[in-house]
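Comments concern the structure below.
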Protein chains: 2
Amino acid sequence: MRTSSISNAILKVLESQDDHLTAKEIYEIMKKTFTAVDTSTIYRALERLVHVGKVSVSDMGGTAVVYELVSKNPHHHLVCEKCHKQITFRNEKVSDFLDSIEKESGFQITTNHLVLFGICPECQKKK
Amino acid sequence: MRTSSISNAILKVLESQDDHLTAKEIYEIMKKTFTAVDTSTIYRALERLVHVGKVSVSDMGGTAVVYELVSKNPHHHLVCEKCHKQITFRNEKVSDFLDSIEKESGFQITTNHLVLFGICPECQKKK
DNA sequence: TGTATTATTGAAAATGACTTTCATTATCAA
DNA sequence: TTGATAATGAAAGTCATTTTCAATAATACA
């Protein structure tokens with residue numbers, strides 16, 4: 001992976017966002033600075049960043065996958081199936097849980113974001 | 001949802017398989033009996049089955065999403081990122097874990113399959 | 001038992017995320 | 001500086017999934 005590429009700019013965008021973004025959203029932001037950038041370049045840069053472990057990909061149930069910075073401070077997501085609200089939670093139980101799965105299975109777990117679907121408190125009331 | 005539709009046949013296929021299948025795989029099987037069935041019909045039937053809670057959808061990291069019967073006996077999947085081997089595991093820790101997330105968040109968790117990615121023991125050795 | 005109502009279907013085309021090809025340009029190592 | 005290799009833009013391609021629309025099948029209800 002070489003420096004001074006689109007990848008660095010993508011990393012900066014992801015740092016400033018502190019949120020997950022789709023490739024298209026990243027593309028729209030990048031276009032402001034790199035007017036001629038192509039979506040394929042974005043996808044390829046993201047692929048490299050995921051490969052080196054700097055960025056994670058998650059399927060949050062939408063039509064496109066989302067990308068986010070791999071932070072030292074792991075967090076997870078709850079997605080409401082009704083209103084599609086997404087909340088972030090941090091919970092040390094998750095890593096304890098993943099550790100125990102690792103031990104039992106022998107797999108070295110790479111999932112660093114758990115995405116759980118459910119119905120949020122507000123939508124439960126609406127029923 | 002009306003009876004005697006494709007949905008019933010899909011349920012039978014899923015029962016007999018005890019494995020997850022892509023829409024395309026289901027389509028190929030269905031074509032043997034319903035020669036003129038269309039993929040759109042399969043997708044629509046699956047959508048209904050998911051909606052009524054008889055079938056679950058999961059993203060196992062492949063290009064297509066997979067469908068499987070919602071069984072009383074919940075199970076989960078580990079997917080190897082290197083060799084794409086998929087193993088199924090049952091673990092009561094998962095439901096304990098999900099219960100605790102439910103209590104903390106107030107979300108009513110609907111995720112019934114956990115898909116965790118990692119590197120399987122064999123691929124770890126190959127390193 | 002007809003008949004209106006509404007769901008399901010097949011066919012075909014459309015959508016949209018993502019990938020690939022290929023020629024060009026930029027970066028790094030020697 | 002030069003040569004090897006990686007990154008890029010442009011354009012076209014792939015492929016899962018969805019949508020449109022007209023036809024058909026299933027249920028409700030007269």
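When each of A/A45 and B/T22 is assigned the nucleotide of DNA chain D bearing its nearest heavy atom, the one mapping closer to the 5' terminus is A/A45.
Atom P of nucleotide D/dA23 and atom CG of B/D38 are separated by 17 Å, given to the nearest angstrom. We find that CZ of A/F34 is positioned 14 Å from C1' of C/dA26, with the value rounded to whole Å. Between the CD1 atom of B/I6 and the C1' atom of D/dA26 there is a distance of 15 Å, rounded to whole Å. Across the protein-nucleic acid pair, B/L21 atom CG and D/dT17 atom P stand 13 Å apart, rounded to whole Å. Here the P atom of nucleotide C/dG10 and the CD1 atom of B/I42 are 8 Å apart, to the nearest Å. Computed from coordinates, the B/H51 NE2 to C/dT8 P distance equals 12 Å when rounded to whole Å. One can place CG of B/L46 at 15 Å from C1' of C/dT9, the figure rounded to the nearest angstrom. Atom OH in A/Y27 sits roughly 15 Å away from atom P in C/dG16 (whole-Å rounding).
No donor-acceptor pair closer than 3.5 Å links the side chain of A/S58 to the backbone N or O of A/M60.
A/K12 NZ: 12 or fewer foreign heavy atoms inside a 6.0 Å radius.
Aromatic ring centres of A/H20 and A/H113 lie farther apart than the 6.0 Å criterion allows.
Taking 4.0 angstrom as the limit, A/R48 places none of its side-chain polar atoms (N or O) nearer than this to OP1 or OP2 of D/dA6. At least one side-chain nitrogen or oxygen of A/T41 sits closer than 4.0 Å to the OP1 or OP2 atom of D/dG9. Within the 4.0 Å cut-off from OP1 or OP2 of D/dT18, not a single side-chain nitrogen or oxygen of B/Y43 is found.
Taking the side chain of A/K24 as heavy atoms from C-beta on, and the options D/dA10, C/dT9, C/dA17, the nearest nucleotide is C/dA17. The B/A64 side chain lies nearest to D/dT17 when the options are C/dA11, D/dA7, D/dT17.
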Show each protein N/O and nucleotides 21-25 of chain C N/O combination with a separation under 3.5 Å, one pair to a line.
{"residue": "C/dT21", "atom": "O4", "partner": "A/R44", "partner atom": "NH1", "Å": "3.0"}

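Counting only N and O atoms by type, the side chains of B/D38 and B/S40 include a donor and acceptor under 3.5 Å apart.
Under a hydrophobic clustering in which Ile, Leu, Val, Met, Phe, Trp and Tyr are joined whenever their side-chain heavy atoms come within less than 4.5 Å, directly or via other members, A/L78 and B/L98 fall into the same cluster.
A salt bridge links B/E28 with B/K31: the closest approach of a Lys/Arg side-chain nitrogen to an acidic carboxylate oxygen falls below 4.0 angstrom. A salt bridge is absent between A/K82 and A/E122; no separation between the charged side-chain nitrogens and carboxylate oxygens falls under 4.0 Å.
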